[in-house]
Every structure is written in structure tokens, then in C-alpha cells.
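Just below is one structure, and these are the notes that go with it.
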Amino acid sequence: MTETATVSAIESSESKRVVRGKLSRDDIVMRGSMIVIGLYLVVTMVFPLYAMLSKSFSTYTFDLAAYEVQVSDESGENFSAPVTLLALNEELGVVSASDLNAGSDGRIGVTQFFPDFSFRSPVNYRLRNTTDAGRFLVGSTLNQSVEWIELDSNTFRRVQLRPVKETGLGNFRTYFETPALSQSIMNSVIIAVISTIITVTLAFWFAYALNRSCMRFKGFFRLVAMAPILVPSLLPGIALVYLFGNQGFLKELLFGASIYGPIGIVIGSVFFTFPHAFLIISTALSISDARLYEASVVLRGSPWRTFWTVTIPGARYGLVSAAFVVFNLVITDFGLPKVIGGQFNVLAVDIYKQVIGQQNFEMGAVVSVVLVLPAIVAFAVDRLVQSKQVALLSARSVPYAPSPNARLDWTLFAFSSLIAIFILGILGICQFAALVKFWPYDLSFSLNNYQFDRMDGGGWASYLNSIKLGLLTAVVGTAVIFFGAYLVEKSNGFKTGRAIFQMFAMLPMAIPGMVLGLAYIFFFNNPDNPLHFLYGTLAILVICTVTHFYTVSHLTATTALQQMDREFEAVSASLKQPTLKLFTRVTVPVSLPAILDISIYLFINAMTTVSAVVFLYSPKTSLASIAVLNMDDAGDIAPAAAMGMMIFYTNAAARILHLIASRGVLSRTQAWRRR
């Protein structure tokens with residue numbers, strides 16, 4: 001009995017063992033490729049953000065008590081009693097308390113503590129660190145020793161103190177104790193909230209007009225609504241300067257108010273965020289069940305009540321998503337407030353001022369951390385809302401078709417016309433300003449403003465660099481992003497790795513471009529980093545741009561791939577065909593519409609981006625969008641408008657070529673979609 005029980009127990013334990021299949025060669029290749037692309041995201045996003053976060057907690061201060069000095073008589077032999085530089089500074093007041101807080105590259109010359117110093121004097125000096133924390137430079141040689149070193153006057157004049165690094169919340173404390181800086185938080189939030197309310201409201205009624213009315217010229221209005229995507233965010237700021245600036249011909253309409261500040265930022269923000277809100281809300285309104293509206297009619301519900309009980313609830317997720325997208329775009333934008341913000345400080349411009357204006361990289365990192373917080377919160381809430389969205393259409397749903405209503409149709413047509421006039425007016429005034437000789441005194445037409453080689457900003461070379469950046473970003477980015485999405489969606493098992501990869505792929509959307517660009521300075525500009533050779537090249541601009549716009553492209557690819565049944569992989573495995581062969585011959589052709597959409601999305605954003613690359617370009621890699629910024633700073637506003645319109649026309653041409661190519665390619669590869 002005992003032996004039988006033992007045998008049965010062994011058989012039972014063996015039956016409970018989980019039999020794991022051996023990984024195939026394709027599984028190993030796919031998992032290895034996923035790890036490689038995951039490492040790319042870690043190196044190009046996680047590591048730079050960590051370097052920036054570490055920088056924000058690093059404080060550098062001068063501890064004058066850590067240095068002692070002795071001075072000889074004119075014979076150079078008899079030295080005075082040691083005295084600290086702190087004691088000398090208390091006596092003379094050479095360095096203020098605020099000047100003792102410095103950046104990582106801060107320096108203080110020692111000779112200023114000696115008013116009678118002369119480098120020709122026969123007097124000698126002795127200097128030492130009193131603690132291990134002290135350090136000073138003699139020329140280019142760093143001295144951290146506590147031993148005395150003796151220097152003649154000529155050498156002593158080259159001695160400079162270096163700050164001591166500490167880790168803590170000192171930078172954040174300084175930031176919030178500085179009214180001008182901390183006020184930027186409130187300014188940014190207020191501008192973002194006001195712009196979001198206005199933009200979402202206008203975009204909703206515009207989308208409602210195109211989806212729920214029978215008005216004419218819907219195609220034209222839809223085309224106009226997408227135009228702001230094709231220009232950098234600086235361009236509406238330039239247009240508003242020409243319209244409402246000190247020499248603008250419509251400045252009287254502001255009734256004495258200034259366009260330079262919150263008014264200009266809000267108007268410009270509405271312009272460049274409108275298409276984003278419109279796309280999201282239009283998608284939400286295009287999905288509706290006609291039976292709900294029929295039920296409302298049967299129950300004798302008024303049109304207004306139907307609107308609030310059927311239309312708004314059906315579009316609520318789109319409205320919330322659009323609101324958070326617009327809020328995120330406005331609060332993280334740099335170009336528009338830089339051009340037209342005047343003295344009205346916002347967070348993104350503060351980062352630029354701290355880094356470029358004051359070379360205070362630590363404080364720039366602090367402002368970046370502060371800017372990331374509302375962006376992450378907005379992104380997280382948006383994802384949470386989308387996760388709770390439920391299907392509005394079922395198999396029995398009836399597509400909604402609007403009925404003609406002359407009064408409503410003409411009202412919505414008038415509203416849509418005003419929106420179109422606003423958008424076309426912004427673009428038109430920029431083109432007009434780019435063609436006149438000297439605004440507003442000589443309005444005759446000329447092409448002088450297109451002579452970019454005579455202006456600051458990089459000339460025509462910057463425009464060509466932008467095209468190179470756009471093409472490389474489109475080709476490299478599309479290949480990496482689509483293949484990465486394929487690995488996530490079509491790999492077998494490896495749930496943990498796929499979940500981690502998906503998390504990394506979603507993170508770039510929550511990181512403002514300004515923050516990512518500054519993080520690249522801290523990471524790639526470090527001489528100890530083996531990737532330091534990338535800094536200042538076109539390659540780092542491509543890497544930054546691909547990473548910055550990774551999430552939307554990844555979501556587009558995964559959406560397309562999720563529409564393909566996994567039976568394709570099963571059939572391929574049964575036929576013993578390699579996965580890469582299935583990928584190239586089946587997956588790519590079927591998903592070609594999404595691939596083309598990703599490529600044009602990356603190209604257009606590479607042409608228009610400013611914030612993500614403003615810290616990373618070099619004189620040889622200046623871009624058209626950066627040239628607009630630099631020419632505007634130099635007072636060449638008309639040439640800046642001309643360059644901005646060149647970006648617009650280039651993106652418009654790329655979009656047209658994309659549509660033509662799509663029709664030709666899709667007619668050959670998507671014939672299976674037609675019956």
C-alpha cells in the first residue's frame with residue numbers, strides 16, 4: 001500500500017508540472033529585437049531624464065571658510081598669520097550672499113579679496129583648502145589638497161575657486177522663494193486653462209457643424225482646420241504682432257490692451273491647438289447611433305434637450321481627451337510665448353532663459369521638473385478617461401445621418417466661416433508680411449525677405465537641414481516605431497517584457513519637448529558618456545525628434561496591427577515560414593496606410609518642432625524653425641514670417657505628395673479591401 005501511494009503521488013506531482021515549450025528561433029529574434037528597441041528608449045529617454053532629475057537636486061555653493069591664505073612681505077619670505085577668505089569677505093564685502101550660489105561651472109577669482117593686489121608685486125602667497133570639500137584652480141590645474149602651496153603674484157592671479165556640490169532641495173527652495181520664477185507656474189496654468197476652454201468650445205461646434213449638419217463646403221472647412229498643424233507655433237505669434245502689435249493695423253480693436261502678453265498667448269494657442277482638438281472631437285461625434293435620436297423624437301424631446309442628453313454624453317470622452325491634449329500642448333509650448341509673451345513669464349520660456357540667458361543649468365532643470373508635473377497629470381488623467389470609454393456602437397446600431405435644417409445649417413456655416421477666416425487670416429498676414437518691403441511704410445511687394453543668407457538664423461542651409469531632419473526622422477522613425485509596435489503586438493508570451501516596453505513607449509507623450517531637449521544636454525553633453533560624439537550633430541536631432549513623437553506613432557501602429565487576426569502568425573508557423581518573411585510580405589503591405597500616416601506625421605512634426613531641438617542644434621545643424629526664432633530675436637520679423645511660410649508650403653507639398661503616393665501605392669497593395 002505504501003509503495004502504491006508513493007508511486008501515485010509521484011505521478012500526480014509530475015502531472016502538475018507546467019510544460020514550457022522551447023523557444024523557437026523566431027521567438028528569440030523577436031524578443032531580442034524588442035530588447036534592443038527597448039534599450040533605445042531607455043538610452044534616449046530614461047537615462048537623459050534621470051540625468052536631468054539628478055541635476056535639479058544638485059546645488060553648487062562657494063564655502064569661503066574652506067580656504068585659508070597667507071601673504072608675505074615684500075621680501076617674499078615672512079608670511080602673515082593664516083586668514084580664511086570668509087573673514088576677508090566679511091571685512092571687505094566683495095562677494096554677496098547671492099553670488100555664493102553658483103552653477104556647476106561657477107568660479108570666483110581670489111585676487112578680488114586683496115584690493116592692493118598687483119601681479120608685478122614681489123609679494124608671495126600661500127593658499128590651501130581647510131577641508132576636503134574645498135577646491136580651487138591654479139590655471140587649469142585643480143587642487144583639492146589641504147597642504148599649503150606657495151605662489152608668486154603672477155601665478156596667484158590665475159587662482160579661481162570652484163563651488164562645492166551638494167545634493168538636496170536647495171534649488172527648489174530658491175525657485176519657489178523667487179517671486180518672478182514661481183509666478184510662472186500660475187501664469188502657465190491660467191493661460192492653459194483659458195486656452196483649453198476656448199479651443200475645445202470652438203472645436204466642438206466646428207466638428208458638430210461638419211458631422212451633424214448638412215451645410216455646404218465641408219471638405220474645404222476640414223482642410224482649412226488642419227492647416228495650423230503645418231506651421232511652427234511661433235508663426236501665429238508673428239502674425240499677431242503684425243495685426244495687433246505696436247504698428248499693427250488692427251491694434252485699435254484691443255482698446256488699449258497689449259497683444260504682448262496673455263492675450264496674444266491665448267489667441268495664438270487657440271490657433272495652433274485647434275486642429276488637435278477638432279480631430280479628437282470630430283472622431284467622437286462621427287460615431288453615433290441614429291436610434292437614440294429617433295427615440296428622442298418619439299418621446300417628444302426638444303432639440304436642445306436631445307443635445308444635452310444624447311449628443312454631449314456620447315461625445316464626453318472625446319471632449320475630455322481634447323481638453324487634456326490642448327492643456328498639455330499649451331502649458332508645454334515654448335515658441336509662441338517666446339515670440340509674443342513679452343514680460344509675461346511662463347514655465348517653458350523660463351527654462352530657456354535660465355539655460356540660454358543665465359547659463360544656470362541647475363535652475364533650468366528645476367523648472368523642467370516643475371513643468372513635467374502638470375504635463376504628466378494631464379496625460380495620466382487622459383489615459384484614465386480613455387480606459388473607461390465604452391463602445392457607443394453595437395451590431396444593431398444605425399448610422400446617424402443629419403437632416404437638412406436651413407436655419408441650423410446656415411448658422412453653423414457662418415460660424416465655420418468665421419473659424420476659417422481666423423485661420424486663413426493668420427496664414428495670410430504672415431505671407432503678406434513676408435512679401436512687402438518694409439512694414440508698414442512700404443507695402444510694395446519684394447522677395448528681399450527670402451534672402452535668408454543675409455539674415456541671422458542659418459540662412460537657406462537651415463531650411464535644407466530641416467528637410468534632411470524631416471526625411472531622416474520619417475524613414476528611421478517609421479521603421480523603428482512600426483517594428484517595435486509589431487514586436488509588442490505579435491510576440492508570443494514574454495508578457496512582462498511587452499508590458500515594460502509598452503510603458504516606455506507611452507512615456508514620451510508625457511514629457512514636454514523643452515524638458516527632453518534639456519535632458520539631452522545633461523546626458524549626451526557629458527564628456528564621460530561614450531555617446532558624447534552625437535552631441536551637436538544631425539543624428540542627435542533625429543534621435544530626439546523620433547523619441548519626442550514616439551507615442552502617437554506607436555499608438556497608430558498598434559491600432560493597425562490589432563486589426564490583423566493572429567491567425568496569420570498561426571498559419572505562417574504551420575507552413576514553417578519565418579516570422580520576418582510574414583512581416584515583410586503580409587504585415588507591412590496590409591498596414592501600409594498606417595505606415596504612410598506615421599511617416600508624414602513624423603516629417604511634419606520634425607519640420608515644425610522648436611522646443612525639442614532649441615538646445616541641441618549647432619551652427620552647422622541649425623533648422624528652419626530655429627531660424628524663425630533667431631530672426632525674430634534679431635528683429636528680422638518679416639524674414640522670420642517668410643521662413644515660417646516656407647515651412648508651411650513644404651509641409652503642404654509633403655502632404656499632397658503623401659496623398660498622391662498613398663493612392664498609387666494603396667491601389668496596388670490594398671486591392672483586397674475592395675470587393
Q. To the nearest 0.5 Å, what is the distance between OG (S56) and CZ (F361)?
A. 15.0 Å
Q.
Tell me whether the rings of Y352 and F334 are parallel (<30°), tilted (30 to 60°) or perpendicular (>60°).
A. tilted
Q) Considering all heavy atoms of both residues, which atom of A277 and which atom of A203 are nearest to each other, and what is their separation? A) CB-CB, 3.7 Å
Q.
Applying the side-chain contact (heavy atoms from CB on, under 4.5 Å) criterion to I340, which one of I267, L234, L240 satisfies it?
A. L240
Q: Determine the interplanar angle of the F523 and F47 rings, folded into 0 to 90°, and report it as parallel if under 30°, tilted if 30 to 60°, perpendicular if over 60°.
A: tilted
Q: Answer yes or no: is there a donor N or O on one side and an acceptor on the other, between the side chain of N171 and the main chain of E362, under 3.5 Å?
A: no
(Q) Please evaluate residues I656 and L659 with respect to the criterion side chain to side chain contact (heavy atoms under 4.5 Å, CB included), reporting the C-alpha separation (whole Å), side-chain torsions for both, the decisive distance (0.1 Å), and the verdict. (A) CA-CA 5 Å; I656 293 172; L659 292 176; 5.6 Å; no
Q: Could you tell me the separation between the CG atom of L602 and the CG atom of L471, rounded to the nearest 0.5 Å?
A: 11.5 Å
Q | Closest non-hydrogen atom pair, P639 against D636 | A | CD-O, 3.3 Å
Q) Judged by atom type as modelled, is there a donor-acceptor pair below 3.5 Å linking the side chain of D333 to the main-chain atoms of S233? A) no
(Q) Distance check, rounded to the nearest 0.5 Å: M509 atom CE versus H548 atom NE2? (A) 9.5 Å
Q: Would you indicate whether the side-chain heavy atoms of F278 and T199 approach each other to under 4.5 Å?
A: no
(Q) Does any part of the side chain of F603, heavy atoms only, come nearer than 4.5 Å to the side chain of N651, both counted from C-beta? (A) yes
Q. Is there side-chain contact between V46 and L41, with at least one heavy-atom pair below 4.5 Å?
A. no
Q: Could you tell me whether a side-chain N or O of T608 sits under 3.5 Å from a main-chain N or O of P232, the two making a donor and an acceptor?
A: no
Q: Apply side chain to side chain contact (heavy atoms under 4.5 Å, CB included) to the pair Q354 and V366, showing each step before the final yes or no.
A: CA-CA 10 Å; Q354 292 295 327; V366 170; over 6 Å; no
Q: Determine whether more than 12 heavy atoms belonging to other residues, nucleotides or ligands lie under 6.0 Å from atom CG of D453.
A: yes
Q | Side-chain (S282) to main-chain (L279) donor-acceptor, under 3.5 angstrom | A | no
Q: Could you tell me the separation between the CD1 atom of I604 and the NE2 atom of H658, rounded to the nearest 0.5 Å?
A: 8.5 Å
Q | Verdict with supporting geometry, W460 and F452, ring pair (Phe, Tyr, Trp, His ring centres under 6.0 Å) | A | CA-CA 6 Å; W460 281 103; F452 300 126; 4.8 Å; yes
Q: Grab the two heavy atoms, one from A209 and one from S416, that are nearest each other, plus how far apart they are.
A: CB-OG, 3.5 Å
Q. Is the backbone N or O of A624 less than 3.5 Å from a side-chain atom of S466, with the two atoms forming a donor-acceptor pair by type?
A. yes
Q.
So, taking the atom named CD1 in I263 and the one named CD1 in I194, what distance separates them when rounded to the nearest 0.5 Å?
A. 10.0 Å
Q. Can you check whether M503 reaches L507 side chain to side chain, under 4.5 Å on heavy atoms?
A. no
Q: Indicate yes or no: at least one non-hydrogen side-chain atom of M631 is less than 4.5 angstrom from one of I637.
A: no
Q) Within a reach of under 6.0 Å around CD of Q343, are more than 12 heavy atoms found that belong to other residues, nucleotides or ligands? A) no
Q) When you measure from the side chain of T537 to the backbone N and O of F533, does any donor-acceptor pair fall under 3.5 Å? A) no
(Q) For the residue pair Y40 / T547, report whether a side-chain donor-acceptor contact shorter than 3.5 Å exists. (A) yes
Q. Strictly under 6.0 Å, is that where the ring centroids of F413 and F221 end up?
A. yes
Q) If every non-hydrogen atom of A239 is compared with every non-hydrogen atom of I429, which pair is closest and at what distance? A) CB-CG2, 3.3 Å
Q. So, F274 versus F206, ring centres under 6.0 angstrom or not?
A. yes
Q. Quick one: does S368's side chain get under 4.5 Å of M52's, heavy atoms only?
A. yes
(Q) Quick check for you: to the nearest 0.5 Å, what is the distance between N525 atom CG and L518 atom CG? (A) 11.0 Å
Q | Q502 side chain reached by H554 side chain, heavy atoms, under 4.5 Å | A | yes
Q: Return yes when atom NZ of K353 has more than 12 non-hydrogen atoms of other residues, nucleotides or ligands closer than 6.0 Å, and no otherwise.
A: yes
Q) When V372 is tested against each of L53, L516, V515 for side-chain contact (heavy atoms from CB on, under 4.5 Å), which residue passes? A) V515
(Q) Quick one about T621 and S618 (side-chain donor to acceptor, distance below 3.5 Å, no hydrogens or angles considered), yes or no? (A) yes
Q: Search all heavy atoms of S269 against all heavy atoms of T273 and return the closest pair with its distance.
A: O-OG1, 2.5 Å
**Q.** Donor-acceptor pair, side chain of D632 and main chain of G635, under 3.5 angstrom
**A.** no
Q: Report the C-alpha separation of N211 and K218 in whole Å, then their side-chain angles, then the decisive distance to 0.1 Å, and conclude whether the side chain to side chain donor-acceptor pair (under 3.5 Å) test is met.
A: CA-CA 9 Å; N211 289 278; K218 289 184 179 181; over 6 Å; no
Q) Is a side-chain donor or acceptor of T558 paired with a backbone partner of L555 at a separation under 3.5 angstrom? A) yes
**Q.** For A227 against I423, the heavy-atom pair lying closest together
**A.** CB-CG2, 4.3 Å
Q: Determine, step by step, whether F324 and T196 satisfy the side chain to side chain contact (heavy atoms under 4.5 Å, CB included) criterion, reporting the C-alpha distance in whole Å, the side-chain angles of both residues, the deciding distance to 0.1 Å, and the verdict.
A: CA-CA 8 Å; F324 282 110; T196 299; over 6 Å; no
Q) Do Y520 side-chain atoms and T44 backbone N/O form a donor-acceptor pair below 3.5 Å? A) yes
Q: Dump the intermediate steps for side chain to side chain donor-acceptor pair (under 3.5 Å) on Y617 and S462, then the final yes or no.
A: CA-CA 10 Å; Y617 73 95; S462 62; over 6 Å; no
Q: Without swapping roles, check the side chain of Y242 against the backbone of I426 for a donor-acceptor pair under 3.5 Å.
A: no
(Q) Taking the ring centre of each residue, are F524 and Y535 less than 6.0 Å apart? (A) no
Q) Is any side-chain heavy atom of S188 less than 4.5 Å from a side-chain heavy atom of I331? A) yes
Q: Decide yes or no on side chain to side chain contact (heavy atoms under 4.5 Å, CB included) for Y450 and M646, but give the supporting numbers first.
A: CA-CA 9 Å; Y450 287 88; M646 287 299 301; 3.9 Å; yes
**Q.** Distance-only polar pair, side chains of K620 and N465, donor-acceptor under 3.5 Å
**A.** no
